[in-house]
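Here the structure is laid out as structure tokens; the discussion comes afterwards.
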Amino acid sequence: MDGGRVARVLVDEPAIDKRFDYLVPESVGDQVRVGDRVRIALAGRRVGGWVMDLDVDPPPGVELRPLARWSGRGPTPDLLELAGWAAWRWAGRPASFLRTASPERVVTGLPSPAAPWAGPSGGGEPGPVGRLAAEALARPRSVVRLPPATDPTDVALAAARRGHTLVLCPTAALARHVADRLDRVGVAVARHPHDWALGAAGATVVGTRAAAWAPVGHLAAVVVIDEHDEAHQQEQAPTWHARDVAAERARRAGVPCTLTSPVPSLEALAWGELLTLPRTAERAGWPVVDVVDMRREDPRTGLLPPRLVAVLRSDRRVVCILNRTGRARVLACAACGELARCERCDANVTQPDEHRLVCLRCGAERPVVCSACGGVRLKALRQGVTRVRDELEALVGEPVAEISGAPGPGAGDPGTRVVVGTEAGLHQVRRADVVAFLDVDQELLAPRYRAAEQALGLVARAARLVGGKERGGRLVVQTFLPQHEVVQAALHGDPARVADAESRRRELLRFPPSAALAEVSGPAAEAFVAALGTPFGVEVLGPADGRWLVRAPDHAALCGALAATERPPGRLRVAVDPPRI
DNA sequence: CGGACAAGCTGA
DNA sequence: CAGCTTGTCCGG
């Protein structure tokens, strides 16, 4: 043999979970490193891949072909190993993680690393949040609970002053804000994914979920902002969570990991040490909360009782949240009282606009007529956003905008003082004085095990929009359950009320974090569940709706069982830690 | 994944 | 038994 280098390559094709060996051409022999992107000829076609190992002994009796092309730098060796771990943890393929860990455009060389901290020495006396952050960063695993009105950037700043930090944010807007603020005080910032190479060389990397896979030269700390936010978790399988990837990464690197959140998840609380501001300071960072006890209101005023009307008629900017689209979700005939049902499948029909009734189950449409008596007046038993918008407009005597999830025309009409929309619309709003939850019970009672946490997360987002008590921020919460811990937590600015009640419930019901769950669905789900069996401590629930739930005492048992099960042919989705069940 | 090839079905 | 479908295996 001629002693040329041999590279072991993982193909960028998640369906091919195998490594192939190639000869490294002399021309690129010096620059090829583990993690680099390459192109190879495989079974007559060209595919991309990653160098997983160099100078390996190829299997005997195979004629090696040369790499077709060297395509530049890729994930660092620590990220290759992290991808292997994540593939186990979320029952996915390493290739899908390595894609996320690779630069968008070809990177052939890295710039020189940035000085970790280029700002004025000291950078001013740290405030209470800075001191709390410093305390947090002295621990390997910490959770900093900051009220909604407090800018979490101070935690990222405290970390960045210690060295190159990885900062993960749930939204691009927040990542931009954090990066801008760090930039302004002299931190060397790499914005992921644009500044991939700078981060790899060494800088404080700021980005959204995908940045959990950004290379960071000389990593000194990891910070996850708003750790409770569901945007940190990928919706498609593998359903990996940036918080968990970040925490594992910090652990492997031996650097501190700090999570921030106004409403820390039970997962976070079970993982690290909780640090909070003094009670009075945290309370002040929550808005004033008006709890409207709907049991005492006149039912004829519907979703718009007098107390809300008074707020609406002030000069304040008000956002009304109702998580029901269309005009009405449940209707009854005004004449005979019969509930409006689908004529084809008998399910409830909804009214998306003035002229149509639509069945959400089978899609059948018909005009707005009672099928029992032929009456043409139907009353909305459960109103939707569109209907409420009409009523609000009549009530306040000025234009009221409806905001939807999709940003588009009319989404954030700045001239409109009162807007109404679903929770997705809350993302569209930049500024508000008051956020009113017209029917918060819908969130509290949602048939999902995380409903309470998710409801408090929604309230916290609204709270951030209106600001704390000193800024005059105000929330209106309309509920038939004024004693519910989510309502009480918001009222007292004390998220522990939800965490305590919820953690007891989860333990009792054996839901995460007291257990680990995976949801198995798709045509091949049944075969997969059969092959899985029920090894030590693992149980299978279902099927319901063609989906199975796999439960185990912890992730080691769950992921171990999933990894030991061969995938049957056919489409299969395995969602570890499913967020919405 | 996508091509190669082998084993099974159909029709005369 | 050609001609086609379906399934399984393999790629360096």
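Just so it is clear, the values below take in all heavy atoms, side chains as well, and ignore hydrogens, waters and symmetry mates.
In this structure, L10(A) atom CG and dC1(B) atom P are separated by 15 Å, rounded to whole Å. Summarising the geometry, the separation between CD1 on I16(A) and P on dG2(B) is reported as 9 Å, rounded to the nearest angstrom. Atom-to-atom, CZ of R45(A) to P of dC1(B) comes out at 9 Å; the value is rounded to the nearest Å. Summarising the geometry, the separation between CZ on R46(A) and C1' on dG3(B) is reported as 18 Å, rounded to the nearest angstrom. Straight-line distance from the CZ atom of F20(A) to the C1' atom of dC1(B): 11 Å, rounded to whole Å. Rounded to an integer number of Å, the gap from L23(A) CG to dG11(C) P is 16 Å. Atom P of nucleotide dC1(B) and atom NZ of K18(A) are separated by 16 Å, given to the nearest angstrom. D12(A) has its CG atom 13 Å from the P atom of dG2(B), to the nearest Å.
In terms of heavy atoms, Q233(A) sits closest to D577(A) at NE2-O, 3.0 Å.
Residue contacts for P14(A): at a heavy-atom cut-off of 4.0 Å it reaches no nucleic acid atom on any strand shown.
With respect to the salt-bridge test (charged N to carboxylate O, under 4.0 angstrom), the residues R580(A) and E230(A) qualify.
Around CZ of R99(A), the count of heavy atoms belonging to other residues, nucleotides or ligands within 6.0 Å exceeds 12.
A donor atom on one side chain and an acceptor atom on the other are not found under 3.5 Å apart for H228(A) and R243(A).
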